[in-house]
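FYI, side chains are in, hydrogens and waters are out, and symmetry mates aren't considered; it's all heavy atoms of this structure.
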Amino acid sequence: MQIQFIDRKSGKKITETPPGEGFLKFLYHNPFGKMAILPIAKRKFLSAWYGKKMDNPSSINKIEGFVKELGINMDEAEKSIKDYTSFNDFFYRKLKPTARPIEDGFASPGDGKMLAFKNIADIHNFFVKGRKFTLKEFLGNGELAEKHKNSSLIILRLAPNDYHRYHFPYNGTPSKMTKIKGDYFSVSPYALASNFTKVFCENKREYCTLTTKDKGDIVIAPVGATMVGSIIETFKPNLEIKKGDEMGYFAFGGSTIVLLIDKDKISIDQDILDNTKNRIETFVKMGEKIGE
């Protein structure tokens, strides 16, 4: 299985090699890995333990090699490598204000690889096998699930080398977060291909509803993953925000943001929909227009 995505700016197809690629293949596609190691790897204590390691000052020694190996552009960051106090401090680094212009329209909440489905029902034709994905199970709220049963669904997957702060995609007023406890399956495509429903319905996650004046209600749901110790929110609920304002950040690891939007009020850009139909992700950056 090759992980490929379209770089939206250049239009080129790029092959992604995630850190720990061999181990991920073993976990999710090898019978022994599934039976013996996956039940341990998805547990909270492992992610919490590793998260604490990444908070240790000695973890700064990992930063330079990580930056070089994954080609991270540190010119965008507010601080230089030597100014970080731990690997996690670097991992959820802030960027310079000019690094991510906020474009017109409906904006991406973060950097990452995106899949978009005009109607949530389309997800079953993509990669859900066996156990059916339901909004009620994902949200833990039957009433909210019923309200969004015909919504568009957007999945933004953050790889370890991506910018790990996430932002509001539109102007509005956010509710407080509803937190749902869970495990920590990987959000790598290796995991999603055979465990999509488990990843999104069993992982730790939380969500809020962003009430807007002209685009309806938008559900924003950060989802944790293997080696992500925390989902940290940095906004104040029930206070009006502007598009591009920071919402929160993830500690070390890959992670995902799920959006539910009213398809009658927000049209997702056609290139992202077309790429998804062709079973390929689109790389976008925070603040980039992804709909209108």
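- Checked against side chain to side chain contact (heavy atoms under 4.5 Å, CB included), Lys265 has the following partners two or more places apart in sequence or in another chain: Asp262.
- Here the side chains of Lys113 and Ile155 are not in contact, with every heavy-atom distance at 4.5 Å or above.
- In this structure, the side chains of Ile266 and Ile218 come closer than 4.5 Å at one or more pairs of heavy atoms.
- Under the 3.5 Å distance criterion, the side-chain polar atoms of Lys243 are matched with a main-chain donor or acceptor of Gly105.
- Here the shortest heavy-atom pairing between Thr173 and Glu240 reads OG1-CA, 3.9 Å.
- Annotation: the span from Glu281 atom CD to Ile6 atom CD1 amounts to 10.5 Å, rounded to 0.5 Å.
- Residue Glu64 places its CD atom among 12 or fewer non-hydrogen atoms of other residues, nucleotides or ligands, all under 6.0 Å distant.
- Remark: Thr282 OG1 to Met114 CE distance equals 8.0 Å, nearest 0.5 Å.
- Side chains of Thr276 and Phe117 form a contact here, defined as non-hydrogen atoms less than 4.5 Å apart.
- Residues Ile60 and Thr85 form no side-chain contact, since every pair of their non-hydrogen atoms from C-beta on lies 4.5 Å or further apart.
- The shortest distance between side-chain heavy atoms of Asn88 and Ser59 does not fall below 4.5 Å.
- Residues Thr212 and Asn171 come closest through the heavy atom pair CG2-O, 3.3 Å.
- No donor-acceptor pair closer than 3.5 Å links the side chain of Lys263 to the backbone N or O of Ile268.
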(message) Apply side chain to side chain contact (heavy atoms under 4.5 Å, CB included) to residues Leu144 and Tyr207 and explain how you reach the verdict.
(response) CA-CA 11 Å; Leu144 189 61; Tyr207 65 84; 3.5 Å; yes
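- At a threshold of 4.0 Å, the pair Arg100-Asp111 counts as salt-bridged, since one of the basic side-chain nitrogens sits closer than that to a carboxylate oxygen.
- The neighbour count for Lys136 NZ, taken as heavy atoms of other residues, nucleotides or ligands under 6.0 Å away, does not exceed 12.
- In this structure, CZ on Arg205 lies 15.5 Å from CD1 on Ile257, to the nearest 0.5 angstrom.
- In plain terms, the two heavy atoms of Leu210 and Pro169 that are nearest each other are CD2-CD, 4.4 Å.
- No salt bridge links Lys285 with Glu103; every basic N to acidic carboxylate O contact stays at or beyond 4.0 Å.
- Just one residue in the list Asp269, Asp271, Asp104 forms a salt bridge (Lys or Arg N to Asp or Glu O under 4.0 Å) with Lys289, and that residue is Asp269.
- Among residue pairs with one or both ends in residues 139-163, those qualifying as ring pair (Phe, Tyr, Trp, His ring centres under 6.0 Å) are Tyr163-His167; sequence neighbours excluded.
- Residues in residues 140-153 take part in these salt bridge (Lys or Arg N to Asp or Glu O under 4.0 Å) pairs, two or more places apart or across chains: Glu146-Lys149, Lys147-Asp217.
- The shortest side-chain heavy-atom distance between Glu233 and Glu206 falls under the 4.5 Å cut-off.
- Residues Ile102 and Phe106 do not share a hydrophobic cluster, clusters being chains of Ile/Leu/Val/Met/Phe/Trp/Tyr side chains in contact below 4.5 Å.
- The aromatic rings of Phe66 and Phe90 sit perpendicular to each other, their planes meeting at more than 60°, with 30° as the lower class boundary.
- Residue Gln270 holds its CD atom at 10.0 Å from CD1 of Ile272, rounded to the nearest 0.5 Å.
- The nearest pair of heavy atoms linking Ser152 to Lys118 is OG-O, 2.6 Å.
- Judged by the 6.0 Å distance and 45° axis criteria, Lys62 is not positioned over the aromatic ring of Phe87.
- Using a cut-off of 4.0 Å between Lys/Arg side-chain N and Asp/Glu carboxylate O, Arg165 and Glu246 are scored as salt-bridged.
- Relative ring orientation between Phe138 and Phe133 is described as tilted, the plane-to-plane angle lying within the 30° to 60° band.
- Between the side chain of Asn56 and the backbone N or O of Ser58 there is at least one donor-acceptor pair closer than 3.5 Å.
- Side-chain contact between Ile120 and Ser151: absent, with no pair of heavy atoms (C-beta onward) separated by less than 4.5 Å.
- Here the closest heavy-atom approach between residue Gly140 and residue Ile180 is recorded as N-CD1, 4.3 Å.
- Using a 4.5 Å cut-off between side-chain heavy atoms of Ile, Leu, Val, Met, Phe, Trp and Tyr, with links allowed through other members, Tyr92 and Met74 fall into different hydrophobic clusters.
- Clustering ILVMFWY residues whenever any of their side-chain heavy atoms sit less than 4.5 angstrom apart, transitively, puts Tyr170 in the very cluster that holds Ile220.
- The backbone N or O of Val223 lies less than 3.5 Å from no partner atom in the side chain of Thr256, so there is not a single donor-acceptor pair.
- In summary, the aromatic rings of Tyr84 and Phe91 are positioned with their centroids too far apart to meet the 6.0 Å limit.
- In this structure the side chain of Leu259 never reaches within 4.5 angstrom of the side chain of Leu156, judged on heavy atoms.
- Contact between Met247 and Cys208 at its shortest, heavy atoms only, is CE-SG, 3.5 Å.
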(request) Could you walk me through whether Ile290 and Ile154 pass the side chain to side chain contact (heavy atoms under 4.5 Å, CB included) test, one step at a time? (result) CA-CA 10 Å; Ile290 58 170; Ile154 296 170; 4.1 Å; yes
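- Judged by distance alone, the side chain of Asp162 and the main-chain N or O of Leu158 form no donor-acceptor pair under 3.5 Å.
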(request) Check step by step if side chain to side chain contact (heavy atoms under 4.5 Å, CB included) holds for Leu139 and Val219. (result) CA-CA 10 Å; Leu139 297 170; Val219 174; 4.2 Å; yes
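- Tyr249 contributes atom OH, which lies 5.0 Å from atom CD1 of Ile232 (distance to the nearest 0.5 angstrom).
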(request) Verify side chain to side chain contact (heavy atoms under 4.5 Å, CB included) between Ile231 and Phe250, making sure each step is shown before the conclusion. (result) CA-CA 5 Å; Ile231 302 171; Phe250 296 101; 3.9 Å; yes
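- The aromatic rings of Phe168 and Phe235 sit perpendicular, their planes meeting at an angle over 60°, well past the 30° parallel limit.
- Taking CG of Leu115 as the start and CG of Leu273 as the end, the distance is 10.5 Å to the nearest 0.5 Å.
- Crowding of Lys179 atom NZ: a count of heavy atoms from other residues, nucleotides or ligands under 6.0 Å exceeding 12.
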